[in-house]
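These numbers were taken from a predicted model, which means no experiment stands behind them. We number each residue from 1, following the sequence as shown.
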Amino acid sequence: MTSRKIRSIPVLIAAAMLISLIIAMFPPKASALTFTPNFTISSEAAVMINLDKDVVVYTKNPDKKMYPASLTKIMTAMIVLDNVSDLDNTYFEAPLAVFDELYGQNASSVGLERGEEVSVTDLLYSLMLKSACESAGVLAYHVGGESTANFVDMMNKKAKEIGCTGTNFVNPHGLYDDKQYTNANDMALIAKYAVDNYPKLVEIATTPEYEMHATNVHGEGWAHIYHTNSMLNRSSSYYYQYAKGFKTGTLDESGRNLVTLGSRDGNNYLLVTMGSPMYDENGDSVYLHYDDHKNLYEWAFENFEYKQLLQSNKEITELQVRFGESSDFVRLVTAESYSCMWLKTIDAARLSEKITIDESLLNEDGTITAPISKGQVFGTYSLSMSGEEVCSVPLAAQDDVTLSQLAYSWDKAKQFISSGWFIAAAAIAAALIVIYIIIYAVSSKKKKRRRVRRKRKF
């Protein structure tokens with residue numbers, strides 16, 4: 001082996017270790033696995049998230065275009081909380097423009113009047129519990145700098161910051177407009193963002209009832225409001241003790257929408273459903289969205305567990321190694337573990353496994369060449385269920401395999417001896433030797449004849 005090749009070996013080892021480190025830092029992301037319950041969901045679209053592990057466990061038409069209706073007010077409340085610090089001592093006056101916009105639209109209302117001065121706290125409670133559209137208008141008008149359009153721009157900017165890709169707002173209250181749309185996935189992003197970052201909003205949106213304070217127009221106790229989510233009302237047939245908040249949204253164009261939180265035995269979920277029908281075949285009002293939420297929560301509480309599907313350092317396969325000093329093979333093991341929310345009724349043994357080796361790292365005969373560094377990544381190991389990938393983790397070398405200098409040098413020598421250049425050179429050398437022998441023999445024979453002729457002369 002030349003000195004240049006010897007010096008290159010540490011460089012190759014360092015490069016391999018660097019590649020392994022990069023892959024370890026940025027492992028392949030696993031696709032989210034969702035499960036299907038054994039009952040019918042009436043809502044057109046839905047997303048259910050386990051908040052403890054930040055995992056989506058159920059979806060139905062998550063990207064389908066839907067109309068948010070009053071679910072819009074979750075975003076309205078977040079923009080207000082971003083811009084008003086003292087909720088109790090900040091008062092907004094209800095302008096005429098707000099009532100003009102809502103006139104004749106049969107908008108839900110808490111009963112505010114033109115010129116009434118109300119604290120931001122009360123406006124937020126009436127917004128989230130009573131779903132008051134005039135409260136949304138008042139808040140948007142003042143927080144937007146006396147411009148509802150400016151407030152809507154803030155809403156859309158916030159939606160993009162959160163990661164929404166299929167949402168557009170044109171008003172702060174959610175009354176129908178064909179240009180105001182979203183989907184269940186985006187609405188789940190918005191609701192989860194609210195839960196994670198706005199404790200005051202969670203406090204407000206999960207309060208079952210609230211009494212509005214006196215204003216310059218109304219006296220003390222003028223309005224005792226209740227949450228529009230009947231799952232919070234103990235006297236309702238739809239009451240569900242494990243549900244909390246969060247927001248309802250109902251329009252003929254949108255159907256019945258609902259966002260709730262559910263908690264039981266230390267397990268916490270967020271559920272968004274959209275487009276549940278408002279009427280049955282007889283034209284009677286139905287409230288199947290409440291059944292959807294109760295059934296999905298019971299299904300999740302009873303059947304899901306956080307389960308480890310894969311342990312780290314589990315031996316998966318092995319590769320043959322050329323020129324190994326310590327071994328002629330290396331074991332490949334999982335570089336990390338994987339756990340997820342798992343349905344108890346599904347046997348994890350049904351998971352299909354797949355081993356993928358990076359062919360660019362292999363020799364033509366399927367071997368790899370030493371040296372090998374412990375932790376060096378050679379591929380991935382994935383698990384799937386019914387064709388849907390559950391997880392994918394790196395496959396890494398379990399041990400170091402050092403390079404045998406003798407074996408490496410001998411192989412290079414054999415390669416050189418068997419190479420076409422060497423054979424050609426040997427053939428040329430042999431031919432030259434033969435030619436030399438012939439020339440030498442002919443020359444010697446001529447010299448011998450000359451000596452004989454000289455002797456005859458004398």
What is the minimum heavy-atom distance between Val47 and Pro62, and which atoms define it? CG2-CB, 3.9 Å
What residues form a side chain to side chain contact (heavy atoms under 4.5 Å, CB included) with Asn61, not counting sequence neighbours? Glu44, Ala45, Lys64
Run the side-chain contact (heavy atoms from CB on, under 4.5 Å) check on Met48 and Thr273 step by step: do they pass? CA-CA 9 Å; Met48 188 177 201; Thr273 59; over 6 Å; no
Aromatic ring pairing Phe301/Tyr297, orientation class (parallel under 30°, perpendicular over 60°, tilted between): parallel
Closest heavy-atom pair and its distance - Ile162, Leu189: CG2-O, 3.8 Å
Determine which pairs satisfy salt bridge (charged side-chain N to carboxylate O under 4.0 Å, His left out) with at least one residue from residues 45-61, sequence neighbours left out, and list them in order. Asp54-Lys192
What residue pairs, at least two apart or across chains, pass side chain to side chain donor-acceptor pair (under 3.5 Å) with a residue in residues 355-367? Asp358-Ser360, Asn363-Thr367, Asn363-Thr369, Asp365-Thr367
With Tyr290 via ring-ring contact (aromatic ring centres under 6.0 Å, His included) - residues at least two apart: Tyr238
Going by ring-ring contact (aromatic ring centres under 6.0 Å, His included), name the residues that satisfy it together with Phe169, two or more places apart in sequence or in a different chain. none
Can you tell me which residue pairs pass the ring-ring contact (aromatic ring centres under 6.0 Å, His included) test with a partner in residues 173-199, sequence neighbours excluded? Tyr67-Tyr176
Below 30° counts as parallel, above 60° as perpendicular, anything between as tilted: where do the rings of Tyr125 and Tyr210 land? parallel
Can a donor-acceptor pair be found between the side chains of Ser276 and Ser42 at a distance below 3.5 Å? yes
Side chain to side chain contact (heavy atoms under 4.5 Å, CB included) partners for Glu161, two or more places apart: Lys157, Lys158
Taking ring-ring contact (aromatic ring centres under 6.0 Å, His included) as the test, write out the residues that go with Phe151, two or more places apart. none
Between Lys244 and Thr206 the two heavy atoms that sit nearest each other are CB-CG2, 4.0 Å
Could you give all pairs that pass the salt bridge (charged side-chain N to carboxylate O under 4.0 Å, His left out) test and reach residues 247-271, with sequence neighbours left out? Arg264-Glu298, Arg264-Glu302
Could you go step by step and tell me if Leu332 and Ile357 meet the side-chain contact (heavy atoms from CB on, under 4.5 Å) rule? CA-CA 10 Å; Leu332 299 186; Ile357 303 297; 3.7 Å; yes
For His227 versus Ala205, what's the shortest heavy-atom pair and its separation? NE2-O, 2.9 Å
Check the pair Val80, Val120 against side-chain contact (heavy atoms from CB on, under 4.5 Å), reporting the backbone distance first and the verdict last. CA-CA 9 Å; Val80 172; Val120 173; 3.8 Å; yes
Begin from the C-alpha positions of Leu81 and Leu124 and carry the test side-chain contact (heavy atoms from CB on, under 4.5 Å) through to its verdict. CA-CA 9 Å; Leu81 291 169; Leu124 285 173; 3.9 Å; yes
Donor-acceptor pair, Asn168 side chain versus Lys179 backbone, under 3.5 Å? yes
Sequence neighbours left out, what passes side chain to side chain contact (heavy atoms under 4.5 Å, CB included) with Val286? Give chain and number order. Asp280, Leu288
Applying ring-ring contact (aromatic ring centres under 6.0 Å, His included), can you list everything that pairs with Tyr381, at least two apart in sequence or on another chain? none
Contacts of type side chain to side chain contact (heavy atoms under 4.5 Å, CB included), residue Thr148, not counting sequence neighbours: Ala140, Tyr141, Val152, Pro172
Hey, are Glu305 and Lys344 close enough for a salt bridge, meaning a charged N less than 4.0 Å from a carboxylate O? no
